[in-house]
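See structure below.
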Amino acid sequence: MCDTPSIILLSEDADQKAIDDLSRQLKQQSGEIAQLTKAKIKELKTLVKAEKSMKSVLEKSRGRFLKTLGDAVKVTDPLSLLALPRDQMIDFIIRGGFDISIDEFIEQTDNIAKAVENTAKVIQPDLGLTPIQQKIDLMQAVTVQQVFDDVVLPTVANGTRDSLNAMTLDVPPKDALSTLAQRMNQATGKQLTEINTKSSMFGRSVTAQIAEEAGLNLFLYTGPLDGVTRKFCDPLVDKVVSDSQMRKLNNGQGLPVRTAGGGYNCRHSWSPVSKGFVKAANLTRATTRDISDANTGGKRK
């Protein structure tokens, strides 16, 4: 689903609601569109699994790192650790516990790419990842960097430096580490929102690359349509948007519609479709009014 601005982090209940809504849609469908909805449900379940896995592994990483840092200050002067250059501090944090989070994120984005591939094959059986694998690897590397280098690791590094600095001012290590633990826990919500958003954007980026490789320029906007659907998404759900129409869309969040849909935590996605599929599935083409209504809905109040 696309959350309203007041909802910062998707809950498991919200995730399940989105899946349930798609399942209800499926019961009323048949033929090609039903197969596409089934694939989209599996794709959404893959994203949900990724969210849960990342939440769990981040918790483990924090615990491992706190133990690593605690052990380090027992044998090393906190001032020496505080003097580490930024790149060495980041390396210390990664090796000290956050390596498992990075590895898990890579694995989950691999799963997301495979789920997107399966969806694409519903539209056209010969579509796949092989011709664009190099581009996918690059997109994955950029996504990992955006999540960890820009969001997760800087927060941990800043908190670690503050903790070490407190120790040099005679704050007991136990108290300083407790403060660091609280600080990392408080950052979890924002980190998971970024992780969820970047994961979804990665999936849509893979979809866009598959479409480009296949020469497809029509996109069906799929996903739940319920009480928490953004006003931007509402006019577009279950309609086919052309590439030129998509370029005119603005979700009002400063994020590209092609890869972010309605914005942060959006649970809708684009499915590239052929003209033949549009006709066979009797899909509805978006009108100029639909594009205008979506943009109006995306405007910030």
### Task
Would you sort out whether Trp270 and Val257 count as a side-chain contact (heavy atoms from CB on, under 4.5 Å), showing the intermediate values?
CA-CA 10 Å; Trp270 299 106; Val257 172; 3.6 Å; yes

### Task
Step through it carefully: locate the ring centre of Phe98, locate the ring centre of Phe92, and say whether they are under 6.0 Å apart.
no

### Query
Taking C-beta and beyond as the side chain, do Val152 and Ser101 meet within less than 4.5 Å on heavy atoms?
no

### Task
Looking only at non-hydrogen atoms, find the nearest pair between Gly262 and Gln253 and report the distance.
O-NE2, 3.0 Å

### Query
If you group Ile, Leu, Val, Met, Phe, Trp and Tyr by side-chain heavy-atom gaps below 4.5 Å, do Leu44 and Ile112 land in one group?
no

### Message
Minimum heavy-atom separation for Val116 and Gly203, please, with both atom names.
### Response
CG2-O, 3.6 Å

#### Entry: Separation between CD of Gln29 and NZ of Lys38, rounded to the nearest 0.5 Å
10.0 Å

### Query
If you group Ile, Leu, Val, Met, Phe, Trp and Tyr whenever their side-chain heavy atoms sit less than 4.5 Å apart, what else falls in with Leu36?
Ile33, Val122, Ile123, Leu218, Leu220, Val240, Val273, Phe277, Val278, Leu283

### Summary
Here the gap from Glu194 atom CD to Met201 atom CE, rounded to the nearest 0.5 Å, amounts to 9.5 Å

#### Entry: Spacing of Arg258 atom CZ and Leu249 atom CG [to the nearest 0.5 Å]
10.0 Å

### Contacts of Asp99 that satisfy side chain to side chain contact (heavy atoms under 4.5 Å, CB included) - sequence neighbours left out
Arg64, Ile94

### Message
Tell me every residue that passes side chain to side chain contact (heavy atoms under 4.5 Å, CB included) with Ser244, counting only those two or more places apart in sequence or in another chain.
### Response
Ser242, Arg247

### Glu107 and Asn111: side chain donor to acceptor below 3.5 Å
no

### Message
Is it the case that the side chain of Thr284 and the backbone of Lys239 share a donor-acceptor pair, with hydrogens and angles ignored and the cut-off at 3.5 Å?
### Response
no

### Query
Quick one: are Asp243 and Leu216 in side-chain contact, heavy atoms under 4.5 Å?
no

Listed pairs under 3.5 Å, donor-acceptor, residues 169-180 side chains, sequence neighbours left out:
residue	atom	partner	partner atom	Å
Thr179	OG1	Asp175	O	3.1

### Point-to-point distance, once rounded to the nearest 0.5 Å, from OG of Ser200 to CG of Leu47
4.5 Å

### Task
Could you tell me whether the side chain of Thr68 reaches within less than 4.5 Å of the side chain of Ile93, counting heavy atoms only?
no

### Task
With sequence neighbours excluded, give me every side-chain hydrogen bond (donor to acceptor under 3.5 Å, both in side chains) pair touching residues 148-167.
Asp162-Arg183

### Query
Quick one: are Pro235 and Arg289 in side-chain contact, heavy atoms under 4.5 Å?
no

Using distance only, find each side-chain donor-acceptor pair of residues 136-147 under 3.5 Å and give its atom names and separation, not counting sequence neighbours.
residue	atom	partner	partner atom	Å
Asp137	OD1	Gln133	NE2	3.0
Gln140	NE2	Ile106	O	3.2
Gln140	NE2	Thr109	OG1	2.8
Gln140	NE2	Asp110	OD1	2.8
Thr143	OG1	Met139	O	2.8

### Message
To check you understand the geometry: which heavy-atom pair defines the closest contact between Thr259 and Ser205, and what is its length?
### Response
CG2-OG, 3.2 Å

### Query
Can you list the steps and then say if Phe219 with Gln245 is a side-chain contact (heavy atoms from CB on, under 4.5 Å)?
CA-CA 10 Å; Phe219 300 85; Gln245 286 177 317; over 6 Å; no

### OH-CG distance between Tyr221 and Asp290, expressed to the nearest 0.5 angstrom
13.0 Å

### Query
So, are Arg24 and Asp20 salt-bridged, with charged N and O less than 4.0 Å apart?
no

### Message
To check you understand the geometry: which heavy-atom pair defines the closest contact between Lys231 and Gly297, and what is its length?
### Response
CB-CA, 3.7 Å

### Query
Is there a path from Val156 to Met167 through hydrophobic residues (I, L, V, M, F, W, Y) whose side chains come within less than 4.5 Å of each other?
yes

### Task
May I have all residue pairs that pass side-chain hydrogen bond (donor to acceptor under 3.5 Å, both in side chains) and include part of residues 70-85, sequence neighbours excluded?
Lys67-Asp71

### Message
List the residues meeting side chain to side chain contact (heavy atoms under 4.5 Å, CB included) with Ser269, not counting sequence neighbours, and say none if there are none.
### Response
Lys40, Glu43, Arg204, Thr222

### Task
Output all residues satisfying salt bridge (charged side-chain N to carboxylate O under 4.0 Å, His left out) with Asp103, sequence neighbours left out; order by chain, then residue number.
none

### Query
Just how far is it from atom NZ of Lys55 to atom CD1 of Ile195, taken to the nearest 0.5 Å?
12.0 Å

### Query
Judged by modelled atom types alone, do Asn196 and Thr193 share a side-chain donor-acceptor pair under 3.5 Å?
no

### Message
Between Glu32 (side chain only) and Ala281 (backbone N and O only), is there a donor and an acceptor less than 3.5 Å apart?
### Response
no

## Note on the structure
Across all chains, not counting sequence neighbours, the side chain to side chain donor-acceptor pair (under 3.5 Å) partners of Lys198 are none

### Task
Specify the closest pair of heavy atoms between Ala50 and Gln108, including all atoms of both residues, with the distance to one decimal.
CA-OE1, 3.4 Å

## Note on the structure
Correct closest heavy-atom pair for Ile291 and Ala286 would be CD1-CB, 4.5 Å

### Task
Please indicate whether Lys121 has more than 12 foreign heavy atoms, meaning atoms of other residues, nucleotides or ligands, lying under 6.0 Å from its NZ.
yes

Could you go through residues 82-91 and list every donor-acceptor pair under 3.5 Å that involves a side-chain atom there, pairing it with any protein atom two or more places apart or in another chain?
residue	atom	partner	partner atom	Å
Asp91	OD1	Arg95	NE	3.1
Asp91	OD2	Arg95	NE	2.9

### Query
What do the steps show when you test Thr188 against Arg62 for side-chain contact (heavy atoms from CB on, under 4.5 Å), and what is the final call?
CA-CA 10 Å; Thr188 299; Arg62 292 194 299 270; 3.2 Å; yes

### Task
Taking the side chain as every heavy atom from C-beta outward, state whether Phe232 and Asn250 have any atom pair closer than 4.5 Å.
no

#### Entry: Contacts of Lys60 that satisfy side chain to side chain contact (heavy atoms under 4.5 Å, CB included) - sequence neighbours left out
Ser56, Ile100

### Query
Do Gln25 and Asp238 have side-chain heavy atoms sitting under 4.5 Å apart?
yes

